[in-house]
Amino acid sequence: LREHEEFTKVKNISKIELGKYEIDTWYFSPFPPEYSNCDKLFFCEFCLNFLKRKEQLTRHMRKCTYKHPPGDEIYRSGSLSMFEVDGRKNKIYGQNLCYLAKLFLDHKTLYYDVDFFLFYILCECDDRGCHMVGYFSKEKHSEEGYNLACILTLPPYQRKGYGKFLISFSYELSKKEMKVGTPERPLSDLGLLSYRGYWTRVLLDIIKKHRGNLSIKELSDMTAIKTEDVISTLQSLELIQYRKGQHVICADPKLLERHLKAAGKGGLEVDPTKLIWTPFK
Ligand code: ACO
Ligand code: ZN
């Protein structure tokens with residue numbers, strides 16, 4: 001689906017049922033033609049199969065054996081878990097997830113070819129199962145150095161810190177790969193806000209604690225944030241100057257303190273010691 005085609009398409013499915021939530025959709029998503037005249041779709045919250053009628057979902061839920069996303073649980077802390085799903089091994093799940101995600105993602109091309117992607121699904125777990133709250137996708141091999149392709153927090157779970165948790169997780173994976181990374185462009189408004197917030201907090205925390213000189217390269221190595229993103233963040237905070245062909249960090253303590261206050265609380269942290277994962281080969 002090309003971008004210009006997407007703009008001319010009207011939103012089709014106006015709401016979905018997923019787990020205990022009914023959710024209003026935001027954008028068009030290219031569901032197969034037989035679903036295109038449905039106003040509402042019913043998703044199985046575990047395998048992400050979608051159905052036209054509530055009775056069909058009820059029947060499905062009686063025989064569906066999934067209680068969590070397919071794939072490996074690679075992180076658990078309290079009731080939060082992350083699952084890694086290989087799009088090649090779980091094609092239908094990957095495709096269902098893309099259809100679902102596109103309902104909330106504008107200006108993103110939908111990849112039908114899920115083979116080349118890994119999906120990281122964040123869940124809140126209880127005795128009934130692991131309930132998806134959001135996810136991000138990642139190319140198995142990115143020529144451009146992207147460490148994240150698409151990110152979504154489902155609307156009922158937004159603004160609780162899950163977005164920044166997912167972003168932080170994507171950088172923890174990059175650290176394990178010994179690489180720096182950056183999200184695929186373009187970013188949505190909410191995507192940019194979330195990334196700016198994450199980059200700001202992480203960089204300010206290091207600059208504040210650090211004694212002595214610190215270069216852009218060192219900041220990038222410590223955080224796995226690509227140097228361009230380090231520079232643009234520090235520029236927007238006016239903590240950087242360009243002198244004699246070089247970027248120099250000038251951490252005026254008063255300005256630093258003001259920015260740190262504005263950046264607010266850290267929120268949901270990723271505990272790197274709880275990540276059990278080896279890079280994709
Ligand atoms: N209004 C204003 N600021 C917001 C809003 C909002 N509605 N939502 C998020 N933010 C900002 C805030 O600065 C917030 O930090 P704060 O709460 O400390 O002030 C920051 O973003 C992150 O908030 P989180 O709670 O961590 O993020 P959330 O779980 O809401 O998820 C996300 C953010 C993933 C971008 C979500 O808004 C979403 O899924 N949007 C729809 C899909 C999308 O646009 N994805 C990004 C596309 S770009 C890409 O995929 C590479
Ligand atoms: Zn199911």
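In this chain, residues are counted from 1 in sequence order. Note that this is a predicted model, so its numbers are computed, not measured. The basis for the numbers below is simple: all heavy atoms, side chains too, and nothing from hydrogens, waters or symmetry mates. Indexing begins at 1, ligand by ligand and atom by atom, following the structure's order.
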task = Give the residue, atom name and distance (to 0.1 Å) of the protein heavy atom nearest atom 33 (C) of ligand 1.
result = S194 OG, 3.3 Å
key: Under-4.0 Å salt bridge between D126 and R128   = yes
ask   = Any idea which atoms of ligand 1 are less than 4.0 Å away from a heavy-atom of F104?
value = 41 (C), 42 (C)
request  = Might you work through the side-chain contact (heavy atoms from CB on, under 4.5 Å) test for F46 and H131, ending with a clear yes or no?
outcome  = CA-CA 7 Å; F46 300 120; H131 315 278; 4.1 Å; yes
task = Please report which non-hydrogen protein atom sits nearest to atom 31 (O) of ligand 1, along with the residue it belongs to and the distance in Å to one decimal place.
result = T153 OG1, 3.1 Å
inquiry  = Under a 4.0 Å threshold between the charged nitrogen and the carboxylate oxygen, would E22 count as salt-bridged to K40?
reply    = yes
remark   = In this structure, atom 26 (O) of ligand 1 is nearest to the protein heavy atom K164 N, 2.9 Å
task = Look only at interatomic distance and state if L190 has a nitrogen or oxygen under 3.5 Å from any nitrogen or oxygen of ligand 1.
result = no
message = Counting only heavy atoms closer than 4.0 Å, does ligand 1 sit against the backbone of E184, its side chain, both, or neither?
response = backbone
inquiry  = Under the criterion ring-ring contact (aromatic ring centres under 6.0 Å, His included), I'd like the reasoning laid out for F50 against Y99: C-alpha separation, chi angles, the key distance, then a yes or no.
reply    = CA-CA 10 Å; F50 45 87; Y99 283 130; 5.7 Å; yes
ask   = What's the verdict on side-chain contact (heavy atoms from CB on, under 4.5 Å) for F136 and F169, showing C-alpha distance, side-chain angles and the deciding distance?
value = CA-CA 10 Å; F136 68 87; F169 202 89; 4.0 Å; yes
ask   = Quick one: does Y242's side chain get under 4.5 Å of I231's, heavy atoms only?
value = no
query = In ligand 1, which numbered atoms sit nearer than 4.0 Å to a non-hydrogen atom of G191?
reply = 35 (C), 46 (C)
request  = Report, in ascending order of atom number, the atoms of ligand 1 lying under 4.0 Å from any heavy atom of L187.
outcome  = 48 (S), 51 (C)
task = Give the residue and atom name of whichever protein heavy atom lies nearest to atom 46 (C) of ligand 1, and the separation in Å to one decimal.
result = S188 OG, 3.3 Å
key: Cationic N near anionic O, under 4.0 Å, R201 to D205   = yes
request  = Check the angle between the aromatic planes of Y171 and Y195 and answer parallel, tilted or perpendicular using the 30° and 60° thresholds.
outcome  = perpendicular
inquiry  = Quick check on side chain to side chain donor-acceptor pair (under 3.5 Å): which of R53, K52, R59 does E55 satisfy it with?
reply    = R53
request  = Among all protein heavy atoms, pick out the one at the shortest distance from atom 25 (O) of ligand 1; state its residue, atom name and that distance to 0.1 Å.
outcome  = G161 N, 2.8 Å
request  = Flag the pair E144 and K226 as a salt bridge only when some basic side-chain nitrogen lies within less than 4.0 angstrom of an acidic carboxylate oxygen.
outcome  = no
inquiry  = I need the nearest protein heavy-atom contact for atom 3 (N) of ligand 1: residue, atom name and distance, please.
reply    = L193 CD1, 3.5 Å
key: W26 neighbourhood, listing ligand 1 atoms whose heavy-atom distance to it stays under 4.0 Å   = 41 (C)
ask   = Side chain, backbone, both or neither: which part of F136 comes within less than 4.0 Å of ligand 1 when only heavy atoms are counted?
value = neither
ask   = Looking only at heavy atoms, is any part of K160 under 4.0 Å from ligand 1, and if so is it the side chain, the backbone, or both, or is it neither?
value = backbone
note = From the list K140, R88, K91, side chain to side chain donor-acceptor pair (under 3.5 Å) with D115 holds only for K91
K254/E257 salt bridge by N-O under 4.0 Å criterion = no
request  = Could you tell me whether some N/O pair between R159 and ligand 1 is separated by less than 3.5 angstrom?
outcome  = yes
request  = Just need the protein heavy atom nearest to atom 38 (C) of ligand 1, so name the residue and atom and give the distance.
outcome  = Q158 NE2, 3.5 Å
query = For ligand 1, is any non-hydrogen atom under 4.0 Å from L105's backbone (N, CA, C, O), its side chain (CB onward), both, or neither?
reply = side chain
query = Contact between C150 and ligand 1, counting heavy atoms under 4.0 Å?
reply = yes
ask   = Angle at the Zn ion (ligand 2) between NE2 of H60 and SG of C64, to 10°?
value = 110°
message = Below 30° counts as parallel, above 60° as perpendicular, anything between as tilted: where do the rings of Y135 and F119 land?
response = tilted
remark   = So the angle subtended at the Zn ion (ligand 2) by C47 atom SG and C44 atom SG, rounded to 10 degrees, is 110°
key: Residue, atom name and distance, where the atom is the protein heavy atom closest to atom 45 (N) of ligand 1   = I151 O, 2.9 Å
ask   = Does the N or O separation between G163 and ligand 1 drop below 3.5 Å for any pair?
value = yes
ask   = Out of curiosity, is A149 lining ligand 1, as in a heavy atom under 4.0 Å away?
value = yes
ask   = Is a salt bridge present between D229 and R185, judged by a nitrogen-to-oxygen distance below 4.0 Å?
value = yes
